Amino acid sequence: MVIEGISAEIQNQISEPKIFLLKGPPGTGKTYVITGLLKKFIFNDDPKFKVLVVAPSSTAIDKIGSNIIELNKQSSFDFKAKNIFVRFNCKSETSQEMKPFTLEELYAKHINNKKKKLEKQTCIFRK
């Protein structure tokens, strides 16, 4: 019910940025609501929204990140190709599951891919 109410508000005026604050004690369903909204607005055939999710603890963000990974597995389209998921925080506080999504890891992967592409082009040029 909460997800439908918030999603209706988001769709009311799509052109205006929306900010929502979900606050409450542990176990009250904040992560459930966030995951439901992500599923409704990001994991569909025509994603139109950019979303920034912040939380006061690494545990909360890692749980939401884990849910995003799970939604990606269930999704009907390739999430990785259409969306970017980046995990920001101190390296020491990042769970193993989230490490591949940290800015540092994504940057290293990008540089490595560029290096391989350049090496391949250089090899072709030498022939």
Side-chain angles (χ1 to χ4, degrees):
M1 195 64 147
V2 173
I3 294 169
E4 292 306 317
I6 294 172
S7 64
E9 175 61 27
I10 290 170
Q11 289 176 331
N12 265 343
Q13 297 174 347
I14 255 178
S15 62
E16 290 184 26
K18 302 285 183 181
I19 297 174
F20 289 92
L21 173 66
L22 295 176
K23 186 177 178 182
T28 56
K30 297 176 296 296
T31 301
Y32 175 81
V33 170
I34 291 167
T35 302
L37 290 171
L38 290 172
K39 185 174 182 178
K40 186 169 183 77
F41 289 111
I42 304 299
F43 290 90
N44 59 50
D45 293 329
D46 186 27
K48 301 175 195 162
F49 295 92
K50 294 180 181 178
V51 177
L52 173 65
V53 177
V54 297
S57 73
S58 289
T59 305
I61 289 295
D62 284 348
K63 178 61 179 154
I64 293 166
S66 179
N67 290 349
I68 290 171
I69 292 167
E70 192 57 38
L71 286 172
N72 182 41
K73 290 176 185 174
Q74 299 169 8
S75 180
S76 61
F77 68 94
D78 187 6
F79 170 73
K80 294 174 208 113
K82 295 187 179 188
N83 296 283
I84 298 173
F85 165 49
V86 181
R87 171 70 165 90
F88 289 95
N89 79 321
C90 300
K91 269 187 163 183
S92 63
E93 297 176 6
T94 304
S95 71
Q96 284 301 113
E97 184 181 28
M98 292 296 108
K99 282 199 193 258
F101 299 97
T102 62
L103 186 59
E104 295 84 0
E105 292 288 327
L106 291 170
Y107 179 73
K109 183 177 178 182
H110 174 74
I111 293 298
N112 194 30
N113 288 341
K114 289 286 186 184
K115 184 179 175 183
K116 285 179 183 178
K117 188 175 181 180
L118 185 59
E119 286 171 354
K120 186 176 179 182
Q121 289 173 343
T122 303
C123 186
I124 292 170
F125 180 71
R126 287 182 186 167
K127 290 180 182 182

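Values below: every heavy atom of this structure, side chains too, minus hydrogens, waters and symmetry copies. These numbers come from a predicted model, not from an experiment.
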Smallest separation among heavy atoms of Gly24 and Lys30, with atom names: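 Minimum heavy-atom contact is O-NZ, 2.9 Å.
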For Met98, run the side chain to side chain contact (heavy atoms under 4.5 Å, CB included) check against Ile69, Ile61, Ile68 and tell me which one passes.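 Single side chain to side chain contact (heavy atoms under 4.5 Å, CB included) partner of Met98 among Ile69, Ile61, Ile68: Ile69.
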Nearest-0.5 Å distance, [atom1] of residue [X] to [atom2] of residue [Y]:
X	Y	atom1	atom2	answer
Glu105	Thr94	CD	OG1	9.5 Å
Ile111	Lys109	CD1	NZ	13.5 Å
Leu38	Ile64	CG	CD1	7.5 Å
Asn112	Tyr107	CG	OH	12.0 Å
Asn113	Lys116	CG	NZ	6.5 Å

Between the main-chain N or O of Lys99 and the side-chain N or O of Thr102, is there a donor-acceptor pair closer than 3.5 Å?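 At least one qualifying donor-acceptor pair exists.
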Main-chain N/O of Ser95 paired to Asp62 side chain as donor or acceptor, under 3.5 Å: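 Looks like yes, one N/O pair under 3.5 Å.
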Going hydrophobic residue to hydrophobic residue with side-chain gaps under 4.5 angstrom, can you get from Leu106 over to Phe88?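 Yes.
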